[in-house]
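Read the structure below first, then the notes.
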Amino acid sequence: MNAFPHLFSPLQIRGKRLKNRIMSSGHDTSMPTDNLVNAPLIAYHRARAEGGAGLIVLQVAGVHDSARYTSHVLMATDDACIEGYRRLAEVCHAQGALVLSQVFHPGREIMESADGLLAVAYSASAAPNERFRVMPRALEQAMIDEIVAGYASAARRLHRAGLDGVEVVASHGYLPAQFLNPRLNRREDAYNGDLEARLRFLREVLGAIRAATGNDFIVGLRISADERDPEGLTEDESLHAVQALQGELDYVHIVAGTSASLGGAVHIAPPMAVGAAYLAPTAALFKARLAIPLFVTGRINQPQEAEQIVAQGQADVCGMTRALICDPEMPNKAGAGRSDDVRACIACNQACIGHFHRGYPISCIQHPETGRELLYGHAATPRPRKRVLVAGGGPAGMKAAAVAAQRGHDVTLCEASAQLGGQIQLAQLLPRRSEFGGASTNLQREMERAGVQVRRHTRVDRALVERERPDLVIVATGAEPYWPPFERAGTLQVVDAWQVLRGEAQVGRSVLVVDWRCDWIGPGIAERLTRDGHRAQLAVNGTHCGENLPLYVRDHMVGELHRLGIAITPYARLYGCDDSTVYMQHTASGEPLIFEDIDTLVLCQGHQSVDSLAGELEGLVAYQRIGDCLAPRTAEEAIYEGLKAAWAI
Ligand SMILES: Cc1cc2nc3c(=O)[nH]c(=O)nc-3n(C[C@H](O)[C@H](O)[C@H](O)COP(=O)(O)O)c2cc1C
Ligand code: SF4
């Protein structure tokens with residue numbers, strides 16, 4: 001008997017059969033070229049359909065020329081889009097998945113433009129956006145009519161392409177929400193007034209879509225149940241809106257947050273600090289008041305969580321978007337009673353939405369095959385079996401070992417210490433980052449299933465390699481903290497981040513954390529020490545704290561530091577220290593920055609490679625360095641290099 005009977009029960013929507021309750025919700029992959037569906041995007045979704053997702057909602061499709069919120073957005077404004085969508089729908093249908101597309105107008109939420117110039121943005125009213133600092137133009141009637149017609153013709157094209165329906169994006173503060181929101185809609189015409197007037201735009205859109213398509217076409221609505229922003233839609237407002245609209249909809253899909261502010265945007269892809277399935281109670285509230293199916297998305301990571309939501313009647317369908325980005329096979333594994341093999345997403349946001357914000361195609365730090373399906377998506381090619389020795393049980397070494405063994409090689413991994421995981425073991429000790437440890441657990445499971453022999457307490461050296469005689473050594477020996485040269489006089493205690501995390505340092509009361517990497521290590525140490533009763537402040541080398549982090553991780557973290565009253569000094573370069581003073585230099589002005597009455601200076605100054613093994617192996621055996629031992633970076637590069645090294649054997 002299936003462990004997830006509710007999750008794997010079918011659902012009928014407008015005569016179409018959803019084979020299970022697992023949805024890949026609309027997410028921008030940054031994969032399209034020329035704003036059209038292309039082969040990499042088709043391969044990406046094929047992998048999720050093959051993996052068993054019941055419903056695939058494709059990323060936003062712009063419905064009007066003014067809807068280009070990024071340079072790589074998909075557009076459904078021309079018949080040229082139909083062929084790509086048709087091929088995409090065919091490959092997903094062949095796997096039994098239903099396929100919808102989001103239809104989208106961002107209104108004032110314009111992030112960037114194709115030519116680098118600021119676009120003219122349009123909204124219900126000239127109410128500025130805080131996050132992108134956009135002052136939109138209020139839409140005139142003729143343009144409202146054009147946009148409504150744009151929704152209809154986009155839906156007509158998607159219908160012709162064979163999709164099963166569309167999802168109107170009224171979530172996250174986009175154009176329909178800008179009309180609906182009484183604090184943003186300041187119009188003095190028929191589109192403002194009571195709820196019905198503020199819903200007029202959406203009613204016109206839904207009516208036009210239905211008229212342009214047909215009775216077999218699903219039309220759903222995505223809305224933020226609560227935009228989690230002082231200016232945003234409240235739970236009551238969203239609930240009343242969908243109650244009023246439900247007669248024109250096949251389902252309602254709730255999320256949280258808004259694109260309009262830093263705090264609200266955190267909920268677009270909530271980081272690991274946000275609890276699993278955190279919107280389930282809100283979903284239950286909406287479901288109880290609606291007569292049509294209710295979908296919910298937000299940190300539903302594991303089939304167990306989704307099963308509970310459906311079983312308890314909190315929602316009918318669960319968006320498990322990053323869960324599927326991280327493990328496209330998750331539904332099939334869960335259905336086959338192999339949920340222990342699911343590679344659970346850790347909500348780090350690094351390679352999925354982190355890539356989106358930097359304009360790069362989607363991937364996953366744990367599963368770099370994501371977004372690279374055309375390269376790594378097919379079954380491993382059988383090769384002559386080789387004996388591979390992997391030195392180092394951090395993320396790079398574990399990924400290389402797992403994939404090399406999956407590809408049929410005879411693989412042994414040696415780890416000098418008792419524990420696998422490398423720096424993941426330290427990362428998981430930082431506040432609200434314990435889930436990061438899942439990356440190590442997942443890789444260990446993958447090695448185990450692939451049949452890698454693991455030897456702990458075993459340091460690889462020349463003598464060991466001479467005894468074992470492998471065909472190839474993969475050197476993944478990682479890195480150690482970097483201590484930059486700086487003027488040091490007097491008795492001030494100086495320690496590094498690793499010593500603090502490992503509990504090897506008796507840190508004093510007044511602490512200065514100096515952060516060169518501008519990631520989560522420096523802020524995490526400052527937060528942890530503050531919570532432990534120290535008076536910690538943070539000096540960061542970049543323009544702001546967390547400059548190198550995915551935006552929503554950064555903003556959630558900065559919010560916590562602010563709540564704790566931790567002072568942050570940006571543009572700070574370490575210069576020297578004496579008994580109780582740390583001297584820094586402003587990186588732009590060169591002027592001194594002086595921190596007095598400091599007991600402990602904590603260095604978060606990055607890492608340096610540990611690669612002496614490579615020198616020992618010279619002339620003895622073929623070897624390849626990967627990950628931090630090649631050059632200190634992040635877990636993403638380490639795991640990707642593990643994958644590439646294993647495919648190269
Ligand atoms: C890379 C990425 C891009 C996204 N782009 C969109 C988008 O275009 N439209 C949208 O409505 N939501 C978008 N989202 C939000 C997702 O649909 C989903 O709500 C979010 O990932 C939270 O769900 P999860 O915890 O299951 O991943 C995006 C999320 C990610 C990770
Ligand atoms: S990059 Fe991180 S958040 Fe994104 S899917 Fe992978 S594990 Fe999840």
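Order of appearance sets the numbers: ligands from 1, and atoms from 1 within every ligand. Quick note: numbers below take in every heavy atom, side chains included, and nothing from hydrogens, waters or symmetry partners.
- The ligand atoms of ligand 1 that sit less than 4.0 angstrom from a heavy atom of Cys352 are 1 (C).
- A salt bridge links Asp164 to Lys16: at least one charged side-chain nitrogen sits closer than 4.0 Å to a carboxylate oxygen.
- Every atom of ligand 1 is numbered from 1 in the order shown, and the set under 4.0 Å from a heavy atom of Arg299 is 24 (P), 25 (O).
- Atom 28 (C) of ligand 1 has as its closest protein heavy atom His27 CB, 3.5 Å.
- Taking 4.0 Å as the cut-off between side-chain N and carboxylate O, Arg48 and Glu329 do not count as a salt-bridged pair.
- The closest protein non-hydrogen atom to atom 3 (S) of ligand 2 is Asn349 N, 3.0 Å.
- The pair Arg46-Glu373 fails the salt-bridge criterion, with no side-chain N (NZ, NE, NH1 or NH2) lying under 4.0 Å from an Asp/Glu carboxylate O.
- In this structure, His357 has its ring center closer than 6.0 angstrom to the ring center of Tyr552.
- With ligand atoms numbered from 1 in the order given, ligand 1 contributes 26 (O) to contacts under 4.0 Å with heavy atoms of Gly319.
- Summary of contacts: the protein heavy atom closest to atom 13 (C) of ligand 1 is Gly26 O, 3.1 Å.
- Nearest to atom 22 (C) of ligand 1 by heavy atom, out of Val274, Ile268, Ile353, is Ile268.
- Comment: Asp316 engages Lys287 in a salt bridge, judged by a side-chain N to carboxylate O separation of less than 4.0 angstrom.
- For ligand 2 and Ile325, the ligand atoms under 4.0 Å from any heavy atom of the residue are 5 (S).
- Tested against Phe179, the residues Tyr174, Phe201, Tyr122 include a single ring-ring contact (aromatic ring centres under 6.0 Å, His included) partner, Phe201.
- Interface of Ile346 with ligand 2, defined as ligand atoms under 4.0 Å from a residue heavy atom, comprises 7 (S), 8 (Fe).
- Within the listing of ligand 1, atoms 8 (O) sit less than 4.0 angstrom from a heavy atom of Tyr69.
- Taking backbone and side chain together, Cys364 holds an N, O or S atom under 2.8 Å from atom 6 (Fe) of ligand 2.
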### Query
Tyr640 and Arg372: side-chain contact (heavy atoms from CB on, under 4.5 Å), yes or no, with the steps?
CA-CA 11 Å; Tyr640 181 40; Arg372 301 182 176 102; 3.5 Å; yes
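- Summary of contacts: the protein heavy atom closest to atom 26 (O) of ligand 1 is Thr321 N, 2.9 Å.
- Of all protein heavy atoms, the one closest to atom 9 (N) of ligand 1 is Gln102 OE1, 3.1 Å.
- With Asp226 contributing its side chain and Glu235 its backbone, the two residues share no donor-acceptor pair below 3.5 Å.
- Checked against a 3.5 angstrom limit, the closest N/O atoms of Gln59 and ligand 1 fall outside it.
- With hydrogens left out, the protein atom closest to atom 27 (O) of ligand 1 is Arg322 NE, 2.7 Å, a heavy atom.
- Lys399 and Glu369 are joined by a salt bridge, as a carboxylate oxygen and a charged side-chain nitrogen come within less than 4.0 angstrom of each other.
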#### Entry: Pair Tyr376-Lys644, side-chain contact (heavy atoms from CB on, under 4.5 Å): steps then yes or no
CA-CA 9 Å; Tyr376 300 110; Lys644 282 198 295 185; 3.2 Å; yes
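- Aromatic ring centres of Phe104 and His64: separated by at least 6.0 Å.
- Ligand 1 has an N or O atom lying under 3.5 Å from an N or O atom of Ser25, backbone or side chain.
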### Task
Please lay out, stage by stage, how Val553 and Arg433 fare under the test side-chain contact (heavy atoms from CB on, under 4.5 Å).
CA-CA 10 Å; Val553 176; Arg433 294 206 59 94; 3.8 Å; yes
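- For atom 23 (O) of ligand 1, the candidate residues are Val60, Thr297, Val255; the nearest heavy-atom contact is made by Thr297.
- Comparing Gly354, Cys348, Ser363 against atom 2 (Fe) of ligand 2, the shortest heavy-atom distance belongs to Cys348.
- The closest protein non-hydrogen atom to atom 4 (Fe) of ligand 2 is Cys352 SG, 2.4 Å.
- Distances from atom 8 (Fe) of ligand 2 show that Cys345 has an N/O/S atom below 2.8 Å.
- Close approach of ligand 2 to Ile365 (heavy-atom distance below 4.0 Å) involves ligand atoms 1 (S), 6 (Fe).
- Among all protein heavy atoms, the one lying closest to atom 8 (O) of ligand 1 is Asp28 N, 3.4 Å.
- Between atom 10 (C) of ligand 1 and the options Arg222, Met320, His172, the minimum heavy-atom separation is to Arg222.
- Checking side-chain atoms of Glu50 against main-chain N and O of Ala47 turns up no donor-acceptor pair under 3.5 Å.
- Per-residue contacts place Gln366 under 4.0 angstrom from the following atoms of ligand 2 (heavy atoms of the residue considered): 7 (S).
- Contact check on Arg449 versus Asp341 returns a salt bridge, with a Lys/Arg side-chain nitrogen under 4.0 Å from an Asp/Glu carboxylate oxygen.
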